[in-house]
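Worth saying up front: this structure is predicted, and the values here are computed from it rather than measured.
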Amino acid sequence: MRKLCFTFILLLIPFRSWGIEVLTWEDCVREASLANPDVRGAEEGVVRERNLVKGSFSDFFPQFSVDSSYNAGNVSSPSGALGVDISTRQEFEVGAAVRQNIFSGLKTRANYRKIKSLLEEAKSDLLGSIAQVSFELKSAFSRMLFAQERLTLAKEIFERRQENVQLVELRYEGGIENKGSFLRSQAQYEQAKFDVAQASRDVEAQETNLARVLGRPNPANQEIRVRGDFQTSMPEKNPDFQLKVLQNPNYQTSDAQLEGSKADITFVRGDLFPALDAAASVSRSEIFDQSSSNRWATGVVLSYPLLLGGRDIYEVKGAKADKRRAEENLRSVEYRVATDLKQAYADFKDAVENVRVQEEFLKAARLRSEISRKEYSNGLTNFFDWDAIENDLIQSETTALQSRRDALIAEAEWERVQGKGAW
């Protein structure tokens, strides 16, 4: 009867008729690299800054322009007998001009350095986005894998509890076991039934989370499952934390911001120097029904702002203050990244070593459970000792599974803090 009940429970688990898509880790990496909106947005940011850098090169080259104009108006001139002759004059002019900056107080070069620093900042942001999404992806993959294996384990525990309650029921009906033990075994059976349903719901929740990281707009159309294991790489020995700090995207972003603030100082200082430009122009003017004329001009233009109300001085002071702020921010990021690296490394090592410890506990718990079940069936041990060993086995199985999941997540965190991405 209980087996029929268990089958009925499984039928109640939501099932979608669209089919099940099974993804490997490589499948997830490939899809997230192409579809995750955070990564795609960061990539577009790099494209934008790269185009701005190319556009800033135009400041180093001559500026060429072509213009034309047409004017019409009344013209009055005296005529005989104090009369006035009024006529319409139409004029058409076309010309071209070229202008080349010779010196601008180094503002042109400073502007190029500033825009280039923004490009480096965008590149660092992209690396940081890839590292963050890779962390979320590996975490989601490991949680999904954990949820699947937890559901399988919950079903196995349910079957074990089912067998246990049948065994206790037989001993109770035979007068060997008391009613309290029988009721406890029934309660544990109900708990196992609840655990199966809860694990099933967790699979659906983790499925939604994985679909989000993959960049899928509507994860409800098809079930997603993953195939893989909790295999992690061994932590490297004696890592160079200082080098890893310099390679961290957050540090590189702050360093690019500092370079940009240095360029800002040079740029605003340019207002304190004169600007020198060379210019040349040529034009042709034609007045209808009259003669036409050609004009050309060339020369240099020297300009110097004599009075800006102190704006230039204050802008330099502000730029220097911003540079000092960027320096302090870089120092703060360096300290924080160094701390995060060492903490993530320690957590990763602890998690990997904990897997080995929990596997040993699980091995012992399985052997104890096998021996205890035989002893209880033969009346060589009481219910409470046997029940404690059964509970210890279930707890060890769950803890061992959790430790494998936690080790993979710890590895993902260690990679994220380093700025490493899955692609």
*Validate the cation-pi geometry between R161 and Y189: distance from NZ or CZ to the six-membered ring centre under 6.0 Å, angle to the ring axis within 45°.*
no
*Just wondering, do M234 and V352 contact through their side chains at under 4.5 Å, heavy atoms?*
yes
*Under a 4.0 Å N-O cut-off, is there an ion pair linking E413 with R416?*
yes
*asked:* Between K262 and E259, does any NZ, NE, NH1 or NH2 come within less than 4.0 Å of an OD or OE carboxylate oxygen?
replied: yes
*Using only heavy-atom distances, determine whether the side chains of N354 and Q358 contain a donor-acceptor pair under 3.5 Å.*
yes
_Between Q206 and R143, a side-chain donor and acceptor under 3.5 Å_ = no
_Stepwise side-chain contact (heavy atoms from CB on, under 4.5 Å) check, T398 with R150_ = CA-CA 8 Å; T398 303; R150 181 185 172 214; 5.9 Å; no
*Please list, chain by chain and in numerical order, all residues satisfying ring pair (Phe, Tyr, Trp, His ring centres under 6.0 Å) with F135, sequence neighbours excluded.*
none
*Identify, with sequence neighbours excluded, every residue that meets salt bridge (charged side-chain N to carboxylate O under 4.0 Å, His left out) alongside E49.*
none
*In chain order, what residues pass the side-chain contact (heavy atoms from CB on, under 4.5 Å) check against R30, with sequence neighbours excluded?*
E26, D27
_Validation row: R113, T266 side chains within 4.5 angstrom (heavy atoms)_ = yes
*For residues E411 and S233, is any side-chain donor paired with an opposing acceptor at under 3.5 Å?*
yes
*Using the test salt bridge (charged side-chain N to carboxylate O under 4.0 Å, His left out), find all partners of E21 that sit at least two apart in sequence or belong to another chain.*
R216
*What residues form a side-chain contact (heavy atoms from CB on, under 4.5 Å) with Q418, not counting sequence neighbours?*
E236, K244, L341, W414, K420
*Under the side-chain hydrogen bond (donor to acceptor under 3.5 Å, both in side chains) rule, collect the residues that match up with R184, sequence neighbours excluded.*
D387
_Side-chain H-bond candidate by donor/acceptor type, Q343 with D347, under 3.5 Å_ = yes
*asked:* Test of understanding: with salt bridge (charged side-chain N to carboxylate O under 4.0 Å, His left out), list the residues that count as partners of E156, not counting sequence neighbours.
replied: none
_Just to verify, what does S396 make a side-chain contact (heavy atoms from CB on, under 4.5 Å) with, not counting sequence neighbours?_
L362, A365, D392
*Under the side-chain hydrogen bond (donor to acceptor under 3.5 Å, both in side chains) test, residues paired with R373 that sit two or more places apart*: N164
*Residues in side-chain hydrogen bond (donor to acceptor under 3.5 Å, both in side chains) contact with D195, at least two apart in sequence or another chain*: Q191
_Pairing residues for D125 by the side-chain contact (heavy atoms from CB on, under 4.5 Å) criterion, not counting sequence neighbours_ = E121, T253
*asked:* Please verify the inter-ring angle class for Y345 with F241; under 30° counts as parallel, over 60° as perpendicular, anything in between as tilted.
replied: perpendicular
*Criterion side-chain contact (heavy atoms from CB on, under 4.5 Å) on C28 and L214, from CA distance to verdict*: CA-CA 7 Å; C28 293; L214 291 175; 3.9 Å; yes
_Can you tell whether the side chains of R212 and E136 come within less than 4.0 Å, N to carboxylate O?_
yes
*For R227, side-chain hydrogen bond (donor to acceptor under 3.5 Å, both in side chains) partners two or more places apart*: none
